[in-house]
Number of protein chains: 2
Amino acid sequence: MKETSKISNAVIRRLPRYRRLLKELMNKGTERISSNEMSALIGYTASQIRQDLNNFGGFGQQGYGYNVAMLHDQIGLILGLDQSYKMIIVGSGNLGQAIANYATYYKTGFQVVAMFDVNPKLIGISINGIEVQDYENLDSYLASNQIDIGIICTTKSSAQEVASCMSNFGVRGIWNFAPVDINVDEDIVVENVHLSDSLNTLVYYISNNQKP
Amino acid sequence: MKETSKISNAVIRRLPRYRRLLKELMNKGTERISSNEMSALIGYTASQIRQDLNNFGGFGQQGYGYNVAMLHDQIGLILGLDQSYKMIIVGSGNLGQAIANYATYYKTGFQVVAMFDVNPKLIGISINGIEVQDYENLDSYLASNQIDIGIICTTKSSAQEVASCMSNFGVRGIWNFAPVDINVDEDIVVENVHLSDSLNTLVYYISNNQKP
DNA sequence: TAGATTGTTAATCGATTAACAATC
DNA sequence: TAGATTGTTAATCGATTAACAATC
């Protein structure tokens, strides 16, 4: 795996999509696939697919194409899906619960290990085997547990405070669902899921009768 | 508003972010802002901000900058947020409920008008004043109600069927939360929110110790 | 071997940044 | 008026596509 030059974000964001396609093909029993066939299924050019993959190594074979299962697994390795990740969810309303219940985790290395909320109606209830704790406990919990990923499902107004707290206690990455851009230390990765931005974008294309 | 050449997707996806920033500034009472000041707050270059905005018209004034409230409203118009949108949610589990409860709608033109599910435990319950209907009713509901946006919060396996149904009955856009890429008519816009892809991307940066 | 398809270099295209004249 | 800042053109940078020699 080539680690020298920085891989562009555009390439990284296509990797999960490739992997999803390959998983589907595995389920159908497909053993090999060419970049041309992938192109027809996924909509990127064959050239781009080969270019993307060759950022990380030569996974194909001339005259044959790519082995589906092998390429699927290699992309998993590139993404870091061979490792396991401890996650906490702060904000345990519907969205937090939806994420806690997300079935895909159990097949992979993701583990929700704690949930928090300020709402007395939610504190104490159990979501998928995890008891929702009082948000007051967040500091002490983080102080005594090494967490990889902090998930923010709070309101806009609490998001920055939560992010700072996570950052202080050495969380490695933040998955932010609050509709606000948070500021944290340079060495912490933030992935934003801005649902309202997504809906606004959809509406642009609807109201302007365009295709993206 | 210039409608001639097609605006790139990258530009469109920045618009909601500009609008969010401007809203915050309005709340703080800021009346005017220059592209340079926006740049410091949002992280894009001043040049890019001016370039982006000038795709749609000259909203600024030399020597002054931009009027915050006016620019906020103009971006709303560009996005189509002056219109109202009727939405239905198919799949009324935690995620569907989270979206139904999303408070931002009420301030804007978005209306959730119906929800559906196959689960007998969910059918009949009321989410934010909307009763969850049997999924069996989806066809007849769509036949007699003009819906703008269909929201898919089902499992992967039902998503395509739901999308096709929405498409047949003239839904204008689909907001897809199922972890699968759906195929619909050319004239229907699909906005995907692939949470697993998003998490995978986060994990890439964590495990490779990189910044996006 | 002949055919197929990759890996990789070169060409093109599009998006971002820089620069500056226009003008408030 | 002088200073500030836009709108817009030109330059640069990066990402995508095309082409083809290498090779299975």
Side-chain angles (χ1 to χ4, degrees), chain A residues 1-15 17-18 21-22 25 30-72 74-75 78 201 210-212, chain B residues 1-15 17-18 21-22 25 30-72 74-75 78 201 210-212:
Chain A
M1 200 192 303
K2 176 162 55 170
E3 294 272 54
T4 37
S5 60
K6 206 197 162 198
I7 312 290
S8 86
N9 187 254
V11 174
I12 303 306
R13 291 198 174 270
R14 283 192 292 268
L15 294 180
R17 184 120 188 264
Y18 291 132
L21 174 66
L22 292 160
L25 292 167
T30 313
E31 272 184 19
R32 48 168 284 208
I33 192 162
S34 70
S35 55
N36 247 304
E37 293 166 319
M38 284 187 78
S39 172
L41 293 168
I42 212 170
Y44 310 138
T45 64
S47 195
Q48 179 164 64
I49 294 169
R50 294 201 301 277
Q51 196 76 278
D52 282 353
L53 297 175
N54 278 93
N55 281 302
F56 306 98
F59 302 122
Q61 199 167 78
Q62 282 98 331
Y64 172 87
Y66 300 87
N67 178 288
V68 171
M70 181 273 225
L71 186 55
H72 171 271
Q74 285 294 326
I75 293 176
I78 294 164
T201 304
Q210 278 182 36
K211 286 298 278 182
Chain B
M1 200 192 301
K2 177 162 56 172
E3 293 272 53
T4 39
S5 60
K6 206 197 159 196
I7 313 290
S8 85
N9 188 255
V11 174
I12 303 306
R13 291 198 174 272
R14 283 192 291 268
L15 294 180
R17 185 120 186 264
Y18 291 131
L21 173 66
L22 292 161
L25 292 167
T30 313
E31 272 184 21
R32 49 167 284 206
I33 192 162
S34 70
S35 55
N36 247 304
E37 292 166 319
M38 282 187 80
S39 172
L41 293 168
I42 212 170
Y44 310 137
T45 64
S47 196
Q48 177 164 66
I49 294 169
R50 294 200 302 277
Q51 195 78 278
D52 282 354
L53 298 175
N54 278 93
N55 281 301
F56 305 97
F59 303 121
Q61 199 168 80
Q62 283 98 329
Y64 173 86
Y66 300 87
N67 179 290
V68 171
M70 181 274 224
L71 186 55
H72 171 272
Q74 286 294 327
I75 293 176
I78 294 163
T201 303
Q210 278 182 36
K211 285 299 279 183

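Numbered from 1 within each chain, the chains take letters A, B, ... in sequence-line order.
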Note, [X] side chain near [Y] side chain (heavy atom, < 4.5 Å):
X	Y	result
B:Ile78	B:Asn55	no
A:Leu41	A:Ile33	yes
B:Leu22	B:Tyr66	no
A:Ile7	A:Phe56	yes

Supply the atom-to-atom distance [X] [atom1] to [Y] [atom2], rounded to the nearest 0.5 angstrom.
X	Y	atom1	atom2	answer
A:Arg50	A:Asn36	CZ	CG	7.5 Å
B:Asp52	B:Arg17	CG	CZ	12.0 Å
B:Arg14	B:Leu53	CZ	CG	10.0 Å
B:Leu71	B:Arg32	CG	CZ	13.5 Å

Value in whole Å for how far the [atom2] atom of [N] lies from [atom1] of [X]:
X	N	atom1	atom2	value
B:Phe56	D:dG7	CZ	C1'	15 Å
B:Arg13	C:dA15	CZ	C1'	16 Å
B:Lys6	C:dG14	NZ	P	11 Å
B:Phe59	D:dT6	CZ	P	14 Å
B:Ile49	C:dA15	CD1	C1'	15 Å
A:Asn54	C:dT9	CG	C1'	12 Å
B:Ile12	C:dA15	CD1	C1'	14 Å
B:Asn55	D:dG7	CG	C1'	12 Å

- Message: Is the phosphate of C:dG7 approached by A:Tyr66 (side-chain N or O, under 4.0 Å from OP1 or OP2)?
- Response: yes

Closest approach of [X] to [Y] (non-hydrogen atoms, all atoms of both residues):
X	Y	answer
A:Ile75	A:Leu15	CG2-O, 3.6 Å
A:Lys6	B:Gln210	CG-OE1, 3.9 Å
A:Ile49	A:Ser39	CD1-N, 3.5 Å

- Message: Reading 5' to 3' and counting Watson-Crick or G-U wobble pairs with both distances under 3.5 Å, write the dot-bracket notation for DNA chain C, | for bases paired outside the strand.
- Response: ..||||||||||||||||||||||

Got a list of protein N/O to nucleotides 11-13 of chain D N/O distances below 3.5 Å?
none

- Which letter, B, S or -, goes with each nucleotide of nucleotides 16-24 of chain D from 5' to 3', with contact meaning a protein heavy atom under 4.0 Å? SBBB--BBB

